[in-house]
Every structure is written in C-alpha cells, then in structure tokens.
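Notes follow the structure.
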Amino acid sequence: MKSPLLTLPGAVPAEGVDEGVAAHYGDLFREQRALADGTGFVDLSHRGVVTVTGPERLGWLHLLLTQHVSDLPPHQATEALILSANGHIEHALYLVDDGETVWAHVEPGTQDALIAYLESMKFFYRVEVADRTADIAVVHLPAGSIAEVPEGVVVRETPYGRDLFLPREDLEPYAEKAGPPAGILALEALRVEQRRPRLGFETDHRTIPHELGWIGGAVHLQKGCYRGQETVARVQNLGKPPRRLVFLHLDGSEVHLPVAGTGIRLADDGPDGRKVGFITTSVRHHELGPVALALVKRNVPVDARLLAGETAAAQETVVEP
C-alpha cells in the first residue's frame, strides 16, 4: 500500500519489506537526530493492522500468544509472538487494548497469514478478527514527543515512543502539523542502537525467542500453554539457544555497509575462515557510525574480533552465551 506521504518534498521510497513508505526525506542523519530529540514522526502506514473484538478476546488471545494478556489493562502496550509447534517464531504482534478492542500492528504483508491462523483457532469463542490495514495507518511519534494526538485515536505508548492507529484519511492532514517527517531508515538506525530485533530481519525459519532476547519482553514464562511452549520451557530450563544476537561496531573506513546475510567469521581465521554467523541489519548511525545487529553461534567468544565479509567488527553482547 503506497503512502500518500511519498509526495512530500525530498521523499525517497523505501525498498524491500518497507516498500510503500519513505526511506528518508533527503537527510538521514538530520532525521535520526530529530527522532532522538523527540521531534517529528515516522510514517509506518505500510504495516499491517489487525483488530480483535468480542467479550472473550483477551482470554482467547492468551491461549495463542507467548505473552500474558488475559488481564491486560486498557491502554497498556505489550508485544507478543506466535510460534510454530517447534517453537520457531512465525509472527510478532505489537498490541494494545482500548477496553473494547485489541489493536495490533504487524510486519508489512504478514497480516493475511496471521488472520488465517487466528480464524482457524476461533472455535466457539466470542471473538471477531478483522484486517484494518486498508483504513488504519500506523504513525510513530518518538519518545519525548509533544505532538498532539487527535481525539479518539488509539495510542500504543512504549519507552521508545507512541504508535498511533490513525484513520488513513487523516494521515496527510496529520502530517502537516506533526513536525518534520523522518523516514524508515532513521527509525531503523535507532532500533539497531536499542538492540531491538525485528521479525524478518533478525529472524529466519528456525529462530527461537531466546536467541534474540525476546524472553521477558515478548515471551512470558509464567503463563498457561500455547503452541511452541515446550521448546521455550526446555531451552529456558535445560539448555541454551544455538545462536545469540550481538551488536556490532563496524569499521568506519569502509565505503559500503555489509548487507543482511553477509557472513561473519573470526578475524583470526581471515575472510576464508569458517562462517560463525551473519549480519541481520546494518545501518549508519548519526553518532555511532556504521553499526549492525547479527546472529552468531553461541560458542563464539564474547571478546572475539570478527569480520563481516571483509569489514572488521567489534561485538557487544546482547544475548548472553
């Protein structure tokens, strides 16, 4: 779904998963600094929006999600995953309940598969699932923003900012008074700085929550059964995940960033050594320079010098080995 804000001055369209909104508006670092200072907004209108209504919505979702939501207070934001039977991550939902409806935004293009799964699990529960992507646009206001929120708009408040579920017809008028726009690349740079994983970026077909540090944040360890819980409990109580998320400082003298999927090797082994991981997201940060998130094998020493392709990289631990 192509955003009307791509007509704003300087807008450069994003590519890949984030196609449909602006990558930036002409000055990536200025946009990053604005968000870090609590000003401006990010157009996330390409993200999927799903709602669940009905008197049994929270209890029903509690049975399906990794998060404890049966007693979720109105207006309290949370996030949750849906796992496969083997415990691999399939969906990530960013939730809030307004007292009558659960609102969730999800990765672009994943809402159809999510809704199909939810519909298959309704049975006799008094719930209704709806795809609201066509009429609701997500807008992100950074932490510290004093931008006005229109009356009646559902807000998801987090330590990283506020997500607004805004009627699509109000997107352009709201953008005119919400401050300078920032593109998705600016938000991604801050996400990497904050060491926060993203579905489809830090995940692949075999990722489990422990590898990304989603235990505690999106996965509640003291709740009833859900699909994939056996894997979560087994790894939590008896073992360690096979991989772990790391934050990388990349050699700033390189012209090009190593792209997602670039193999990581031990620097002592050289660029022809055995692959021990791969880049998941790489960005240029306005203060830190070139940085990245990556998945490496659990047994990679935390002080090991690494190579991302041919780029030298120093690691910081995100998930303990």
Side-chain angles (χ1 to χ4, degrees), residues 12 14-19 23-24 28-33 35-36 42 89 92 107-108 142 160 182-214 217-218 241-321:
V12 174
E15 299 177 348
V17 173
D18 290 319
E19 182 180 1
H24 60 84
L28 176 60
F29 289 158
R30 178 191 60 77
E31 294 165 31
Q32 286 185 38
R33 287 191 290 269
L35 293 181
V42 183
I89 299 170
E107 289 298 327
Y160 307 106
I184 190 72
L185 291 183
L187 188 63
E188 281 291 280
L190 299 188
R191 178 181 71 82
V192 171
E193 177 195 10
Q194 295 154 356
R195 282 76 163 165
R196 293 190 291 128
R198 183 178 171 188
L199 183 78
F201 287 65
E202 279 61 58
T203 67
D204 58 22
H205 67 284
R206 58 192 180 96
T207 306
I208 61 175
H210 305 74
E211 296 178 321
L212 303 184
W214 253 327
R243 304 176 297 183
R244 60 185 180 87
L245 187 67
V246 296
F247 178 83
L248 299 180
H249 293 271
L250 302 172
D251 181 0
S253 66
E254 297 288 342
V255 175
H256 300 290
L257 289 172
V259 299
T262 299
I264 293 176
R265 293 167 172 81
L266 298 177
D268 291 344
D269 295 342
D272 296 324
R274 180 174 57 92
K275 184 178 173 181
V276 297
F278 58 93
I279 295 286
T280 59
T281 306
S282 60
V283 298
R284 295 192 185 276
H285 190 274
H286 70 287
E287 290 182 340
L288 301 175
V291 292
L293 294 175
L295 275 176
V296 300
K297 293 183 177 180
R298 178 173 58 86
N299 59 4
V300 171
V302 296
D303 58 350
R305 296 179 302 114
L306 304 175
L307 285 175
E310 297 184 355
T311 302
Q315 61 171 312
E316 290 185 11
T317 301
V318 178
V319 173
E320 295 291 336

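The 12-atom threshold is not exceeded at CD of E15, counting heavy atoms of other residues, nucleotides or ligands nearer than 6.0 Å.
Residue R195 holds its CZ atom at 10.0 Å from OG1 of T317, rounded to the nearest 0.5 Å. We find the CG-CD distance between L28 and E188 to be 11.0 Å, quoted to the nearest 0.5 Å. Rounding to the nearest 0.5 angstrom, the gap separating the OG1 atom in T280 from the CZ atom in F201 is 9.5 Å. The OG1 atom of T203 lies 10.0 Å from the CD atom of E211; values are rounded to the nearest 0.5 Å.
Within the structure, side-chain hydrogen bond (donor to acceptor under 3.5 Å, both in side chains) contacts touching residues 284-293 (residues at least two apart or in different chains) are Q32-H286, E193-H285. Within the structure, salt bridge (charged side-chain N to carboxylate O under 4.0 Å, His left out) contacts touching residues 255-267 (residues at least two apart or in different chains) do not occur.
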**side chain to side chain contact (heavy atoms under 4.5 Å, CB included) between R244 and L212, worked out** = CA-CA 6 Å; R244 60 185 180 87; L212 303 184; over 6 Å; no
**Prompt:** Does the side chain to side chain contact (heavy atoms under 4.5 Å, CB included) test come out yes or no for W214 and V319, once each step is laid out?
**Reply:** CA-CA 10 Å; W214 253 327; V319 173; over 6 Å; no
**R198 vs V17, side chain to side chain contact (heavy atoms under 4.5 Å, CB included): CA-CA, chis, key distance, verdict** = CA-CA 12 Å; R198 183 178 171 188; V17 173; 4.1 Å; yes
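Of all non-hydrogen atoms in L35 and L190, the two that sit nearest each other are CB-CD1, 3.6 Å. The nearest pair of heavy atoms linking I89 to I208 is CD1-C, 4.0 Å.
Here E320 pairs with nothing under the side-chain hydrogen bond (donor to acceptor under 3.5 Å, both in side chains) rule; sequence neighbours left out. In this structure F247 satisfies the ring pair (Phe, Tyr, Trp, His ring centres under 6.0 Å) test together with H249, sequence neighbours excluded.
Residues H24 and I184 form no side-chain contact, since every pair of their non-hydrogen atoms from C-beta on lies 4.5 Å or further apart. Using a 4.5 Å cut-off on side-chain heavy atoms (C-beta onward), L187 and Y160 make no contact.
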Scan the side chains in residues 288-314 for donor-acceptor partners under 3.5 Å anywhere in the protein, sequence neighbours excluded, and list what turns up.
residue: R298; atom: NE; partner: P241; partner atom: O; Å: 3.1
residue: R305; atom: NH2; partner: D268; partner atom: OD1; Å: 2.7

N/O donor to acceptor pairs below 3.5 angstrom from side-chain atoms of residues 255-264, sequence neighbours left out:
residue: T262; atom: OG1; partner: V259; partner atom: N; Å: 3.2
residue: T262; atom: OG1; partner: V259; partner atom: O; Å: 2.6

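For Q315 (side chain) and L248 (main-chain N/O), no donor-acceptor pair under 3.5 Å exists by modelled atom type.
Between D269 and K275, no side-chain nitrogen of the basic residue sits less than 4.0 Å from a carboxylate oxygen of the acidic one, so the salt-bridge criterion is not met. Here E202 pairs with R191 in a salt bridge; the nearest charged N to carboxylate O distance falls below 4.0 Å.
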